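Scroll down for the structure; my scribbles are underneath it.
Nothing fancy with the numbering, it's 1 onward along the sequence. Numbering of ligands and ligand atoms starts at 1, following listing order. Values below: all heavy atoms of this structure, side chains included; hydrogens, waters and symmetry mates excluded. These numbers were taken from a predicted model, which means no experiment stands behind them.
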Amino acid sequence: MKILFATSEALPLIKTGGLADVSGSLPPALQQHGHDVRLVLPAYRAALAACTDLQAVASLELTGSTAPVRVLEGRLPGTQVGLYLIDSPRHFDRPGGPYSSTDGRDWPDNPERFALFARAVCALALDQANTAWRPDLVHCNDWQSGLVPALLSLQPQRPATVFTIHNLAYQGLFSWETFQRLELPYDLWSLHALEYHGQMSFIKGGLAFADRLTTVSPTYAQEICTPEFGYGLEGLLNYRAAVLTGILNGVDYSVWDPATDALIARHYSATDLAGKADNKAALQRHFGLPEDRNVPLIGMVGRLVEQKGIDLVVAVLARLMRNAVQLVVLGSGQPQYEQALRGAADHYAGLGVVIGYDETAAHLIEAGADLFLMPSRFEPCGLNQLYSLRYGTLPVVRRTGGLADTVVDAGSSGRGAAQATGFVFDQASPEALHTCLRRALAHYGSADAWTRMIKRAMRQDFSWQRSAEQYLALYRDAIEQNA
Ligand code: ADP
């Protein structure tokens, strides 16, 4: 199969979250099965800087750009996967992130930027870019590539389309005036297309028009069909339920494995756990905490936003820190939580906080902590709990989305105890989180059972292999049906 994978971020080019991990590792996994997979991204400044082998292969005249848009071809660094970068300097060559400036504000021209990107992807998909390559299928991801299935649906001869929801909370909502300014076909302005309560929704382009819909865990696939998680799109998602599936994200174990991880203090594995204590000491030093191998150390990495339950963590801090326990938090996000955490770190000797993005510290937390905290309100898949399992850092998670699908609670009955890999709670409340943490800390005292659970967690296999096979089966179906 020839697959064009359209995404707005991919490691190692540019990353804001889990989408970059997926885009950087699913295409190579598909390629290993013998398929011709090529990635397409905007030519952000960071992406241009990360690639050394780019060649201009086409020049496109696109609505939305007065200058010709170049298509640059190369390889995703560190892989053999083909890469196209859509080069429109006015839209993409600027400092800051893929969606926002360095001060965190969304770029005001995001609709223009991602409409242009979608038009360029369509040109590639229809072999209008002189690449002499026509994909059988285009796999789009999140709202930034949502217009692609919508625009392709207007073409008589088009490749099959798949749209993956990595997070339904981000929809790309803009005004009717913006819709007009983008010169999109008026046929797309309808409740069955891009219109959403009087606004234009980029994500609806994917949800309404793609041949197949996926999201990144089976539980999240069910949750988004309900009002609680569906943001008013649950009606459309229920209507399309027959083509909607959940496929768990995999882990790139060449990056996230304590036996080989270059960013941690000392390697260890399920058969030789000795090095984990050295990582714990290194982590305590890194965060300025008292070095103590016996005190339970809880880690947290992620966006400091309510989705991740950071407000619940802040609410239980005073109670939690009364116990003999240490907590390290790495992340950035909503200013009030950043401030609350910074303030609390001055107050509690056992609390270490780093506000910012730090890949090395994230690896050290996975390796050095005893427990990993993810009390998310919703979690499409979640990657950190999967990393935590591999690092023997037992996850404490809320039963939602991918967290529910990947962590088995130590208190479970039935398959429970014998398969437990972490601690799971139900209600998104400080009380429920606190009770669960107390339960986890009580288990920490029983050394043998704890070590058994660590080893069991480390043996879990969430590699891309199985997920890649599921995507390939889905692609085959979509292509067959589109033929
Ligand atoms: P989401 O995509 O919702 O942010 P995921 O758990 O799916 O959450 O993926 C988050 C990814 O970003 C993980 O690889 C995580 O390690 C990483 N990450 C998040 N915040 C930070 C941070 N402050 N420093 C380093 N890595 C981070």
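- Contact annotation for V301 and ligand 1: only side-chain heavy atoms (C-beta onward) come within less than 4.0 Å of the ligand.
- For atom 20 (N) of ligand 1, the closest non-hydrogen atom of the protein is G302 CA, 3.5 Å.
- Only side-chain heavy atoms of D21 come within less than 4.0 Å of ligand 1; its backbone N, CA, C and O stay farther off.
- Counting atoms of ligand 1 from 1 in the listed order, those under 4.0 Å from a heavy atom of G331 are 23 (N).
- The existence of a salt bridge linking R399 and D405 is excluded, since no basic side-chain nitrogen approaches an acidic carboxylate oxygen closer than 4.0 Å.
- The nearest protein atom to atom 16 (O) of ligand 1, hydrogens excluded, is given as N384 OD1, 3.1 Å; this is a heavy-atom distance.
- Taking every non-hydrogen atom of G17 and a distance limit under 4.0 Å, the qualifying atoms of ligand 1 come out as 2 (O).
- The nearest heavy-atom contact from the protein to atom 6 (O) of ligand 1 is L383 N, 3.0 Å.
- Those atoms of ligand 1 that come under 4.0 Å of a heavy atom in G382, given as number and element, are 6 (O), 7 (O).
- Between E379 and K308 there is a salt bridge, with a side-chain nitrogen of the basic residue lying less than 4.0 Å from a carboxylate oxygen of the acidic one.
- Taking every non-hydrogen atom of A362 and a distance limit under 4.0 Å, the qualifying atoms of ligand 1 come out as 25 (C), 26 (N).
- Here C225 contributes atom SG and N238 contributes atom CG; the two are 4.5 Å apart, rounded to the nearest 0.5 Å.
- For ligand 1 and G18, the ligand atoms under 4.0 Å from any heavy atom of the residue are 1 (P), 2 (O), 7 (O), 9 (O), 10 (C).
- A side-chain donor-acceptor contact under 3.5 Å links S23 and T7.
- Dense packing is recorded around CZ of R94, with more than 12 heavy atoms of other residues, nucleotides or ligands lying under 6.0 Å away.
- In this structure, a donor-acceptor pair under 3.5 Å is present between the side chains of E469 and Q465.
- Although no hydrogens or angles enter the test, the distance criterion places a donor-acceptor pair under 3.5 Å between the side chain of H443 and the main chain of R439.
- The shortest N or O to N or O distance between G356 and ligand 1 is below 3.5 Å.
- Considering backbone and side-chain atoms together, R303 places an N or O closer than 3.5 Å to an N or O of ligand 1.
- From the protein, the heavy atom lying nearest to atom 18 (N) of ligand 1 is Y357 CE1, 3.8 Å.
- Only the backbone of D358 comes within 4.0 Å of ligand 1, counting heavy atoms alone; no side-chain atom from C-beta on gets that close.
- Between E306 and R377 no salt bridge is recorded (no basic side-chain N to carboxylate O distance below 4.0 Å).
- Exactly one of D21, D261, D257, T393 qualifies for a side chain to side chain donor-acceptor pair (under 3.5 Å) with Y387. That residue is D21.
- For the residues Q307, K308, E379, the heavy atom positioned nearest atom 8 (O) of ligand 1 is part of K308.
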### Task
Go through L289 and V328 one step at a time and tell me if the side chain to side chain contact (heavy atoms under 4.5 Å, CB included) criterion holds.
CA-CA 9 Å; L289 301 179; V328 295; 3.5 Å; yes
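- Among protein heavy atoms, the minimum distance from atom 14 (O) of ligand 1 is reached at K15 NZ, 2.9 Å.
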